[in-house]
Amino acid sequence: MVKHFSLKQRKKDATVVTKESVVYLRIQKDVYELNLPNTYEIVFPHPDNLLSFKLIICSGEDFFQGGKFVFSFVEQGYPHESPKVKCEAMVCHPNIELEGNVCLNILREDWKPVLTINSVIYGLQYLFLEPNPEDPPNKEAAGQQSVQQSMWGSYISSS
């Protein structure tokens with residue numbers, strides 16, 4: 001009886017390792033296929049952990065020109081769940097909350113496992129090129145003047 005139980009346990013442990021391997025293969029493939037603009041950089045603080053990394057965006061030709069924004073990615077449940085993306089920089093952006101949460105449809109209700117890290121990066125790029133002020137989580141940042149003032153170093157109050 002003990003041998004039978006240990007065999008079942010080994011099968012169960014092997015299944016867990018296989019699932020992790022599939023996730024790592026997928027993230028390796030996504031990272032390998034990244035097509036980043038020259039103003040974007042991806043950094044792995046822990047090279048042995050591909051499931052947690054940072055994306056650095058140096059904004060060029062938009063309202064956020066001259067800004068450097070760091071986004072942390074955590075891939076828990078990836079690819080079946082969207083990555084958890086958070087902006088580490090304080091930015092006055094209509095689609096980025098003051099706490100750093102990013103409001104991007106593919107990170108929430110429109111996520112599908114066929115989407116890749118590249119899809120998320122293009123979504124972030126689009127948010128900087130075309131912010132969506134129609135239904136912003138950060139209503140203070142919905143105006144162009146607030147964005148420009150924050151990029152010039154002015155404080156934007158929340159009242």
Side-chain angles (χ1 to χ4, degrees), residues 19-20 22-159:
K19 285 181 182 177
E20 286 182 8
V22 170
V23 170
Y24 267 82
L25 286 173
R26 169 66 189 269
I27 197 76
Q28 283 176 333
K29 179 181 180 287
D30 283 3
V31 169
Y32 179 76
E33 293 176 349
L34 279 177
N35 187 13
L36 296 176
N38 59 0
T39 57
Y40 287 46
E41 179 185 359
I42 193 165
V43 177
F44 292 92
H46 307 287
D48 57 330
N49 183 4
L50 295 179
L51 298 176
S52 179
F53 59 91
K54 297 188 184 299
L55 174 71
I56 302 167
I57 298 176
C58 295
S59 195
E61 303 174 7
D62 48 34
F63 296 125
F64 305 93
Q65 185 173 6
K68 183 176 181 177
F69 307 100
V70 178
F71 291 88
S72 61
F73 281 64
V74 178
E75 308 292 326
Q76 296 173 338
Y78 183 79
H80 301 291
E81 294 177 20
S82 67
K84 307 304 178 230
V85 179
K86 196 163 194 130
C87 184
E88 295 181 357
M90 275 295 270
V91 59
C92 185
H93 191 291
N95 307 111
I96 300 174
E97 296 174 353
L98 294 176
E99 299 82 26
N101 299 319
V102 178
C103 182
L104 186 61
N105 62 337
I106 63 170
L107 290 176
R108 294 199 170 100
E109 68 274 358
D110 290 343
W111 178 257
K112 293 175 182 39
V114 296
L115 295 173
T116 64
I117 300 303
N118 224 5
S119 305
V120 175
I121 292 172
Y122 282 128
L124 291 172
Q125 182 179 20
Y126 187 75
L127 281 183
F128 279 99
L129 294 173
E130 295 287 332
N132 181 6
E134 298 302 318
D135 187 23
N138 186 351
K139 295 182 185 341
E140 293 291 322
Q144 176 182 351
Q145 187 172 1
S146 295
V147 171
Q148 288 177 338
Q149 285 176 346
S150 73
M151 290 306 296
W152 294 332
S154 298
Y155 177 75
I156 307 298
S157 71
S158 61
S159 57

Lys84 meets the side-chain hydrogen bond (donor to acceptor under 3.5 Å, both in side chains) criterion, sequence neighbours left out, with none
Check whether any side-chain heavy atom of Val43 lies under 4.5 Å from a side-chain heavy atom of Phe53, and answer yes or no. no
Any chance you could lay out the side-chain contact (heavy atoms from CB on, under 4.5 Å) test for Val31 and Phe44, step after step, and finish with the verdict? CA-CA 11 Å; Val31 169; Phe44 292 92; 3.8 Å; yes
Could you state the interatomic distance from CG (Leu124) to CD1 (Ile96), rounded to the nearest 0.5 Å? 7.5 Å
With sequence neighbours left out, the residues meeting side-chain hydrogen bond (donor to acceptor under 3.5 Å, both in side chains) with Glu81 are none
Sequence neighbours excluded, which residues qualify as salt bridge (Lys or Arg N to Asp or Glu O under 4.0 Å) partners of Glu130? none
Under the ring-ring contact (aromatic ring centres under 6.0 Å, His included) test, which residues partner Tyr122, sequence neighbours left out? none
How long is the straight-line distance from OG of Ser52 back to CD of Gln76, given to the nearest 0.5 Å? 9.0 Å
Where do Tyr78 and Thr116 come nearest, in terms of heavy atoms and distance? OH-CA, 3.6 Å
Could you tell me which non-hydrogen atom of Pro47 sits nearest to which non-hydrogen atom of Pro45, and how far apart they are? CD-O, 3.6 Å
Under 3.5 Å, side-chain donor or acceptor atoms of residues 103-111 against the rest of the protein: list the pairs with distances, not counting sequence neighbours.
from	atom 1	to	atom 2	distance (Å)
Asn105	ND2	Asp110	OD2	2.9
Arg108	NH1	Val102	O	3.1
Arg108	NH2	Val102	O	3.3
Trp111	NE1	Pro79	O	2.9

Applying side-chain contact (heavy atoms from CB on, under 4.5 Å) to Val120 and Asn118, what does each step give before you reach the verdict? CA-CA 5 Å; Val120 175; Asn118 224 5; over 6 Å; no
Apply side-chain contact (heavy atoms from CB on, under 4.5 Å) to Tyr40 and Ile121, showing your working. CA-CA 9 Å; Tyr40 287 46; Ile121 292 172; 3.9 Å; yes
To check you understand the geometry: which heavy-atom pair defines the closest contact between Ala89 and Lys68, and what is its length? CB-O, 4.2 Å
d(Leu51 CG, Phe73 CZ) to nearest 0.5 Å is 13.0 Å
Spacing of Asn95 atom CG and Cys87 atom SG [to the nearest 0.5 Å]: 12.0 Å
Contacts of Asn101 meeting side-chain hydrogen bond (donor to acceptor under 3.5 Å, both in side chains) (sequence neighbours excluded), chain-then-number -> Lys86, Glu97
Pair Phe69 and His93, ring centroids less than 6.0 Å apart: no
Determine which pairs satisfy salt bridge (Lys or Arg N to Asp or Glu O under 4.0 Å) with at least one residue from residues 31-56, sequence neighbours left out, and list them in order. Lys29-Glu33, Lys54-Glu88
Across all chains, not counting sequence neighbours, the ring-ring contact (aromatic ring centres under 6.0 Å, His included) partners of Phe71 are none
Would you find more than 12 non-hydrogen atoms of other residues, nucleotides or ligands less than 6.0 Å from Gln28 atom CD? yes
Rounded to the nearest 0.5 Å, what separates atom CZ in Phe128 from atom OG1 in Thr39? 10.5 Å
Looking at CG of Leu50 and CG of Asp30, how far apart are the two atoms once the value is rounded to the nearest 0.5 Å? 10.5 Å
